[in-house]
Amino acid sequence: MADIIEITDFHAPELDVYARLTEGQLLNRHEPEKGLFIAESPKVIQRALDAGYLPVSILMEKKHIKGEGREILARCKDIPVFTAEFDVLTQLTGFMLTRGMLCVMRRKKLLSLDTVCAGARRIVVLEDVVNPTNVGAIFRSAAGLGMDGILLTAASSNPLYRRAVRVSMGTVFQIPWTILEEDQWPESCMKKLREWGFKTAAMALTPESVSIGDPEVEKEEKLAIVLGTEGEGLAKSTIARCDYTVQIPMSHGVDSLNVAAASAVAFWELGKRE
């Protein structure tokens, strides 16, 4: 049975992970095998547990012990469960908890590029997408709209940042992904993708761009859809290396969509299967 501990001291060191450690400290770049992340809300926590992530501790609103959190507690035996009323938890963490429950979990070793792409037909590449909200939204769209895996460049926001996990609704645990080494993108990664039979489609506004509904693009058996950073978009050198440059036709003088919105349109159109 989980060890239920009522919070009486805001400054207890075991609460640092919820209230005082930064995302960078949780990531633990120097010793990634010791890295942690925070899953928020019962549904997201359940999806993380289903994916085999190991829980370390739980912070939850007292009323959920016998409510929404009961099933999770049954799966998380022998770990500390810190509890208090909602206003106390909000004061401790500095934000309002989604569905009144957080769970600290251990990170896993990153998947290899080969593992993410094995057997895949549609891959997403995120080049320096730095906003965790956008990363989370892209993961949710990718999982729901037929993408098989996601590759992120080293400068992209980590998919296990708390906001990214929350916005994704836990789909970061359901779709294979990895973070590329700095020297892998674009040349080395693109070379491997081509060896595995993938064509690459850069989402970008250029005079050479074709419509996202172009039949030549849609008929590709294997396709990697490449999305760029907020504001600047893809690097010119990346666009030049891609087999296609694709854009979403727009109206009313709007030139483009936010990268998360554009990803959903792209995944829906290019993820169609026979």
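Residues Val124 and Met169 are members of separate hydrophobic clusters, defined by side-chain heavy-atom contacts under 4.5 angstrom among Ile, Leu, Val, Met, Phe, Trp and Tyr. Each of Leu27 and Leu110 belongs to its own hydrophobic cluster when Ile, Leu, Val, Met, Phe, Trp and Tyr are linked at side-chain heavy-atom distances under 4.5 angstrom. By the rule that hydrophobic residues join a cluster once side-chain heavy atoms approach within less than 4.5 Å of another member, Leu227 and Ile150 end up as members of one cluster. Under a hydrophobic clustering in which Ile, Leu, Val, Met, Phe, Trp and Tyr are joined whenever their side-chain heavy atoms come within less than 4.5 Å, directly or via other members, Phe82 and Leu54 fall into different clusters. Both Val210 and Met203 belong to a single network of hydrophobic side chains, linked directly or stepwise wherever heavy atoms of I, L, V, M, F, W or Y lie under 4.5 Å apart.
The shortest distance between side-chain heavy atoms of Met60 and Leu102 does not fall below 4.5 Å. Between Thr83 and Ile65, some side-chain heavy-atom pair lies under the 4.5 Å cut-off. Taking 4.5 Å as the limit, some side-chain heavy atom of Arg241 sits within range of a side-chain heavy atom of Glu187. The side-chain heavy atoms of Leu49 and Pro55, taken from C-beta on, include a pair separated by under 4.5 Å. Phe198 is not listed as a side-chain neighbour of Leu223, based on a closest heavy-atom distance of 4.5 Å or more. Looking at Cys76 and Leu73, their side chains never come closer than 4.5 Å, going by heavy atoms from C-beta outward. You'll find the side chain of Phe139 stays beyond 4.5 Å of the side chain of Val165, heavy atoms only. Inter-residue side-chain proximity for Arg47 and Gln174 is flagged as met; some heavy-atom pair is nearer than 4.5 Å.
With hydrogens and angles disregarded, a donor-acceptor distance shorter than 3.5 Å links the side chain of Tyr18 to the backbone of Ile58. Within the 3.5 Å criterion, the main-chain N or O of Ile138 finds no donor-acceptor partner in the side chain of Ser141. With hydrogens and angles ignored, the 3.5 Å screen pairs no side-chain donor or acceptor of Glu195 with any backbone N or O of Lys192. At distances below 3.5 Å, not a single donor-acceptor pair connects side-chain atoms of Glu61 with backbone N or O atoms of Met101. Here the side chain of Arg122 pairs no donor or acceptor atom with the backbone of Ala224 at under 3.5 angstrom. Side chain of Asp148 to backbone of Ile123: no donor-acceptor contact under 3.5 angstrom is found. Arg121 places a side-chain N or O within 3.5 Å of a backbone atom of Glu221 that can act as its donor or acceptor partner. Put simply, the side chain of Thr178 gets close to the backbone of Leu111: a donor and an acceptor are under 3.5 Å apart. Thr229 places no side-chain N or O within donor-acceptor distance of the main-chain N or O of Glu232, the cut-off being under 3.5 Å. Listed for the Trp177 side chain is a donor-acceptor partner under 3.5 Å among the backbone atoms of Val172.
Within 6.0 Å of atom CZ in Arg107, more than 12 heavy atoms from other residues, nucleotides or ligands are found, so the atom counts as buried in its surroundings.
Summarising the geometry of Ala204 relative to Gln247, their closest heavy-atom pair is O-CB, 3.8 Å, with the distance given to 0.1 Å. Residues Ala201 and Val246 approach most closely at CB-CG2, 4.1 Å, considering heavy atoms. The shortest heavy-atom contact between Ala143 and Ile175 is N-CD1, 4.1 Å. Closest of all the heavy-atom pairs between Val135 and Pro159 is CG1-CA, 4.2 Å. Nearest heavy-atom pair, Ile79 versus Val56, reported as atom, atom and distance to 0.1 Å: CB-O, 3.5 Å. Of all heavy-atom pairs spanning Val130 and Ser157, the tightest one is O-CB, 3.3 Å.
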- Task: Check the pair Val217 / Ile212 against side chain to side chain contact (heavy atoms under 4.5 Å, CB included), numbers first and verdict last.
- Result: CA-CA 8 Å; Val217 183; Ile212 195 170; over 6 Å; no

- side chain to side chain contact (heavy atoms under 4.5 Å, CB included) assessment of Leu36 paired with Asn28: CA-CA 8 Å; Leu36 303 170; Asn28 198 349; over 6 Å; no

- Message: Could you go through Val265 and Leu257, starting from their C-alpha distance and side-chain angles, then the distance that decides it, and tell me whether this counts as side chain to side chain contact (heavy atoms under 4.5 Å, CB included)?
- Response: CA-CA 10 Å; Val265 176; Leu257 299 174; 4.1 Å; yes

- Task: Go through Leu26 and Ile38 one step at a time and tell me if the side chain to side chain contact (heavy atoms under 4.5 Å, CB included) criterion holds.
- Result: CA-CA 9 Å; Leu26 291 174; Ile38 296 176; 4.1 Å; yes

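Rounding to the nearest 0.5 Å gives a distance of 9.5 Å between OG of Ser263 and CE of Met147. Atom CD of Glu85 and atom CD1 of Ile7 lie 11.0 Å apart (nearest 0.5 Å). Rounding to the nearest 0.5 angstrom, the gap separating the SG atom in Cys189 from the CG atom in Leu151 is 5.0 Å. The CD atom of Gln46 sits 10.0 Å away from atom SG of Cys103, with the distance rounded to the nearest 0.5 Å. Between the CG atom in Asn134 and the OG atom in Ser156 there is a gap of 11.0 Å [rounded to 0.5 Å]. The distance from atom CG of Leu205 to atom CD1 of Ile239, rounded to the nearest 0.5 Å, is 9.0 Å.
In summary, the side chains of Thr153 and Asp128 do present a donor paired with an acceptor at a separation below 3.5 Å, with no hydrogens or angles considered. There is a side-chain donor-acceptor pair under 3.5 Å between Glu220 and Tyr244. Checked by atom type, the side-chain pair Glu127/Thr238 shows a donor-acceptor distance below 3.5 Å.
Using a 4.0 Å cut-off between a side-chain N of Lys or Arg and a carboxylate O of Asp or Glu, Glu6 and Lys62 qualify as a salt bridge. Ion pair Asp50/Arg75 flagged as a salt bridge, since at least one NZ, NE, NH1 or NH2 atom sits closer than 4.0 Å to an Asp/Glu carboxylate oxygen.
Evaluation of the salt bridge (charged side-chain N to carboxylate O under 4.0 Å, His left out) test over residues 7-25, restricted to residues two or more places apart or in two chains, returns Asp16-Arg20.
Relative orientation of the Tyr53 and Phe37 rings is perpendicular, given thresholds of 30° and 60° on the angle between their planes.
Qualifying side-chain contact (heavy atoms from CB on, under 4.5 Å) partners for Ala19, counting only residues two or more places apart in sequence or in other chains: Leu92.
With Asp243 as the partner, the salt bridge (Lys or Arg N to Asp or Glu O under 4.0 Å) test is satisfied by one option alone out of Lys222, Arg194, Lys199: Arg194.
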